[in-house]
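Computed from a prediction, not measured in an experiment: that's the story for all the values here.
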Amino acid sequence: MTSPAFGPGELMPVEFSCDGAGISPPVEWQAGPPGTKSYALTLWHRTPDGVKSYWVVYDIPATARGIPKGSRSVGTLGLNGKQRAEYDPMCSKGPGRKDYHITVYALSARPQVQPGNATREAILEAISKLVLAEGTLTYAFERKGQP
(Lines give C-alpha, C1' and ligand atoms only; values in the text may rest on other atoms or scores of the structure.)
Protein backbone atom coordinates (compact mmCIF):
# COMPACT_ATOMS: atom_id res chain seq x y z
CA MET A 1 0.00 0.00 0.00
CA THR A 2 1.58 3.26 -1.12
CA SER A 3 0.73 6.74 -2.31
CA PRO A 4 2.67 8.69 -4.93
CA ALA A 5 1.70 11.87 -3.00
CA PHE A 6 3.37 10.96 0.32
CA GLY A 7 5.28 8.13 1.95
CA PRO A 8 5.01 6.19 5.19
CA GLY A 9 5.31 8.51 8.19
CA GLU A 10 5.39 11.61 5.99
CA LEU A 11 3.03 14.56 6.24
CA MET A 12 0.07 14.43 3.90
CA PRO A 13 -0.01 17.43 1.53
CA VAL A 14 -2.58 20.12 2.38
CA GLU A 15 -4.28 19.47 -1.00
CA PHE A 16 -6.03 16.42 0.50
CA SER A 17 -7.26 18.25 3.63
CA CYS A 18 -10.10 20.67 4.38
CA ASP A 19 -7.59 23.53 4.01
CA GLY A 20 -6.82 22.48 0.43
CA ALA A 21 -8.91 21.04 -2.39
CA GLY A 22 -10.28 18.35 -0.06
CA ILE A 23 -9.90 15.60 -2.65
CA SER A 24 -8.94 12.00 -1.95
CA PRO A 25 -5.26 11.12 -2.28
CA PRO A 26 -3.97 8.75 -4.93
CA VAL A 27 -3.27 5.26 -3.59
CA GLU A 28 -1.61 2.23 -5.14
CA TRP A 29 -1.10 -1.42 -4.23
CA GLN A 30 0.38 -4.60 -5.64
CA ALA A 31 -1.77 -7.40 -6.97
CA GLY A 32 -3.40 -9.49 -4.27
CA PRO A 33 -2.72 -13.19 -3.88
CA PRO A 34 -4.29 -15.77 -6.20
CA GLY A 35 -8.03 -15.92 -5.65
CA THR A 36 -8.45 -12.16 -5.13
CA LYS A 37 -11.94 -11.25 -6.40
CA SER A 38 -12.13 -7.64 -5.17
CA TYR A 39 -10.59 -5.06 -2.85
CA ALA A 40 -11.88 -2.81 -0.09
CA LEU A 41 -10.20 0.29 1.31
CA THR A 42 -10.64 2.29 4.52
CA LEU A 43 -9.01 5.51 5.71
CA TRP A 44 -9.17 5.87 9.47
CA HIS A 45 -7.71 7.58 12.51
CA ARG A 46 -7.57 6.40 16.12
CA THR A 47 -9.08 8.93 18.56
CA PRO A 48 -9.43 8.88 22.35
CA ASP A 49 -13.06 7.79 21.78
CA GLY A 50 -12.32 5.00 19.27
CA VAL A 51 -11.85 5.17 15.51
CA LYS A 52 -12.91 7.90 13.10
CA SER A 53 -13.57 6.91 9.48
CA TYR A 54 -12.80 9.26 6.56
CA TRP A 55 -13.06 7.14 3.42
CA VAL A 56 -14.57 3.73 2.65
CA VAL A 57 -14.45 2.14 -0.80
CA TYR A 58 -15.51 -1.43 -1.55
CA ASP A 59 -16.28 -3.59 -4.61
CA ILE A 60 -13.00 -2.38 -6.09
CA PRO A 61 -12.32 -4.64 -9.10
CA ALA A 62 -9.66 -7.34 -8.70
CA THR A 63 -7.83 -5.82 -11.69
CA ALA A 64 -7.39 -2.45 -9.94
CA ARG A 65 -3.95 -1.51 -8.60
CA GLY A 66 -5.01 1.75 -7.03
CA ILE A 67 -7.36 4.71 -6.97
CA PRO A 68 -6.32 7.95 -8.73
CA LYS A 69 -6.34 11.30 -6.94
CA GLY A 70 -9.88 12.63 -6.51
CA SER A 71 -11.48 9.58 -8.15
CA ARG A 72 -15.07 8.65 -7.42
CA SER A 73 -15.32 6.05 -10.18
CA VAL A 74 -13.28 3.13 -8.81
CA GLY A 75 -15.34 0.78 -6.67
CA THR A 76 -18.34 1.75 -4.58
CA LEU A 77 -18.15 4.53 -2.01
CA GLY A 78 -19.14 3.49 1.50
CA LEU A 79 -20.13 5.81 4.32
CA ASN A 80 -17.55 7.88 6.18
CA GLY A 81 -17.90 8.81 9.85
CA LYS A 82 -20.33 11.60 8.90
CA GLN A 83 -22.58 9.00 7.19
CA ARG A 84 -21.81 10.40 3.72
CA ALA A 85 -20.72 8.34 0.70
CA GLU A 86 -17.65 10.46 -0.01
CA TYR A 87 -14.08 11.18 1.03
CA ASP A 88 -14.02 13.27 4.22
CA PRO A 89 -10.83 15.39 4.15
CA MET A 90 -8.72 15.67 7.29
CA CYS A 91 -9.63 18.80 9.27
CA SER A 92 -7.93 18.26 12.61
CA LYS A 93 -9.41 20.29 15.44
CA GLY A 94 -6.66 19.81 17.99
CA PRO A 95 -3.03 20.91 17.81
CA GLY A 96 -0.16 18.70 16.74
CA ARG A 97 0.69 15.97 14.33
CA LYS A 98 -1.73 13.03 14.10
CA ASP A 99 -1.38 9.63 12.47
CA TYR A 100 -3.83 8.37 9.84
CA HIS A 101 -4.05 4.97 8.15
CA ILE A 102 -5.18 3.78 4.74
CA THR A 103 -5.76 0.03 4.67
CA VAL A 104 -6.48 -1.99 1.54
CA TYR A 105 -7.87 -5.52 1.78
CA ALA A 106 -7.56 -8.21 -0.92
CA LEU A 107 -10.78 -10.24 -0.75
CA SER A 108 -11.79 -13.74 -1.85
CA ALA A 109 -15.29 -12.50 -2.77
CA ARG A 110 -17.28 -9.30 -3.08
CA PRO A 111 -18.54 -8.18 0.34
CA GLN A 112 -22.27 -8.42 0.92
CA VAL A 113 -23.29 -5.11 2.46
CA GLN A 114 -26.24 -2.80 1.95
CA PRO A 115 -25.09 0.48 0.35
CA GLY A 116 -27.04 2.55 2.89
CA ASN A 117 -25.23 0.73 5.69
CA ALA A 118 -21.71 0.55 4.22
CA THR A 119 -19.86 2.09 7.16
CA ARG A 120 -16.30 1.09 8.01
CA GLU A 121 -17.63 -1.16 10.76
CA ALA A 122 -20.14 -2.85 8.44
CA ILE A 123 -17.49 -3.38 5.76
CA LEU A 124 -15.01 -4.83 8.27
CA GLU A 125 -17.70 -7.23 9.49
CA ALA A 126 -18.71 -8.19 5.94
CA ILE A 127 -15.09 -8.93 4.92
CA SER A 128 -13.95 -10.59 8.16
CA LYS A 129 -13.89 -14.07 6.58
CA LEU A 130 -12.91 -12.88 3.08
CA VAL A 131 -9.52 -11.20 3.67
CA LEU A 132 -6.68 -12.88 1.80
CA ALA A 133 -4.14 -10.11 2.46
CA GLU A 134 -4.03 -6.52 3.66
CA GLY A 135 -1.65 -3.59 3.69
CA THR A 136 -1.66 -0.29 5.55
CA LEU A 137 -0.02 3.04 4.79
CA THR A 138 0.41 5.14 7.93
CA TYR A 139 1.06 8.83 7.40
CA ALA A 140 0.66 12.06 9.36
CA PHE A 141 -1.30 15.26 9.10
CA GLU A 142 -0.79 18.47 11.02
CA ARG A 143 -3.14 21.36 10.45
CA LYS A 144 -1.27 24.64 10.17
CA GLY A 145 -2.55 28.06 11.16
CA GLN A 146 -5.52 26.94 13.22
CA PRO A 147 -6.46 28.88 16.37
Between [atom1] of [X] and [atom2] of [Y], what distance do you get to the nearest 0.5 Å?
| X | Y | atom1 | atom2 | value |
| --- | --- | --- | --- | --- |
| Arg84 | Leu77 | CZ | CG | 13.5 Å |
| Leu43 | Phe16 | CG | CZ | 11.5 Å |
| Lys82 | Tyr54 | NZ | OH | 8.5 Å |
| Gln83 | Asp88 | CD | CG | 11.5 Å |
| Ile67 | Ser73 | CD1 | OG | 9.0 Å |

Member of Leu130, Thr42, Leu132 meeting the side chain to side chain contact (heavy atoms under 4.5 Å, CB included) criterion with Tyr105: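 Only one option passes, and that is Thr42.
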
Val56: which of Glu86, Arg120, Glu121 passes side chain to side chain contact (heavy atoms under 4.5 Å, CB included):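 Only one option passes, and that is Arg120.
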
Check: Leu11 and Arg97 side chains under 4.5 Å, non-hydrogen atoms: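 They are in contact (side-chain heavy atoms under 4.5 Å apart), so the answer is yes.
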
Close side-chain approach of Phe6 to Pro25, heavy-atom, < 4.5 Å: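 Result yes, sub-4.5 Å side-chain heavy-atom pair found.
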
Around atom [atom1] of [X], are there more than 12 heavy atoms of other residues, nucleotides or ligands at under 6.0 Å?
| X | atom1 | result |
| --- | --- | --- |
| Arg46 | CZ | no |
| Gln112 | CD | no |
| Gln30 | CD | no |

In terms of hydrophobic clustering (I, L, V, M, F, W, Y; side-chain heavy atoms under 4.5 Å; direct or indirect links), are [X] and [Y] co-clustered?
| X | Y | value |
| --- | --- | --- |
| Met1 | Met90 | yes |
| Trp29 | Leu107 | no |
| Ile127 | Leu41 | no |
| Phe141 | Trp55 | yes |
| Leu79 | Val57 | no |

Could you pull out the closest heavy-atom pair between [X] and [Y], with the gap in Å?
| X | Y | answer |
| --- | --- | --- |
| Pro111 | Asp59 | CD-OD1, 3.7 Å |
| Ser38 | Ala109 | OG-O, 3.3 Å |
| Ile123 | Ala40 | CG2-CB, 4.3 Å |
| Pro68 | Ser24 | O-OG, 4.5 Å |
| Pro13 | Ala5 | CG-O, 3.6 Å |
| Ala140 | Asp99 | CB-OD1, 4.0 Å |

Residue pairs involving residues 28-67 (criterion disulfide bond (SG atoms under 2.5 Å apart); sequence neighbours excluded):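 Not a single pair qualifies under disulfide bond (SG atoms under 2.5 Å apart).
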
Listed once per pair and sorted, the disulfide bond (SG atoms under 2.5 Å apart) pairs that draw on residues 6-77, sequence neighbours left out: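 Qualifying pairs, neighbours excluded: Cys18-Cys91.
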
Test item: side-chain donor near acceptor, [X] and [Y], under 3.5 Å:
| X | Y | answer |
| --- | --- | --- |
| Ser92 | Lys98 | yes |
| Trp44 | Thr103 | yes |
| Thr138 | His101 | yes |

Pair Asp19 + Arg143: basic N to acidic O under 4.0 Å: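 A salt bridge links Asp19 with Arg143.
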
Parallel, tilted or perpendicular, as decided by the 30° and 60° cut-offs, for the rings of Tyr100 and His45: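 If you compare the ring of His45 with that of Tyr100, the planes turn out parallel.
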
Check: Ser3 side chain, Pro26 main-chain N or O, donor-acceptor pair, under 3.5 Å: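 Yes, Ser3 side chain to Pro26 backbone: donor-acceptor pair under 3.5 Å.
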
side-chain contact (heavy atoms from CB on, under 4.5 Å) evaluation trace for Glu142 with Met12: CA-CA 8 Å; Glu142 183 173 8; Met12 178 189 76; over 6 Å; no

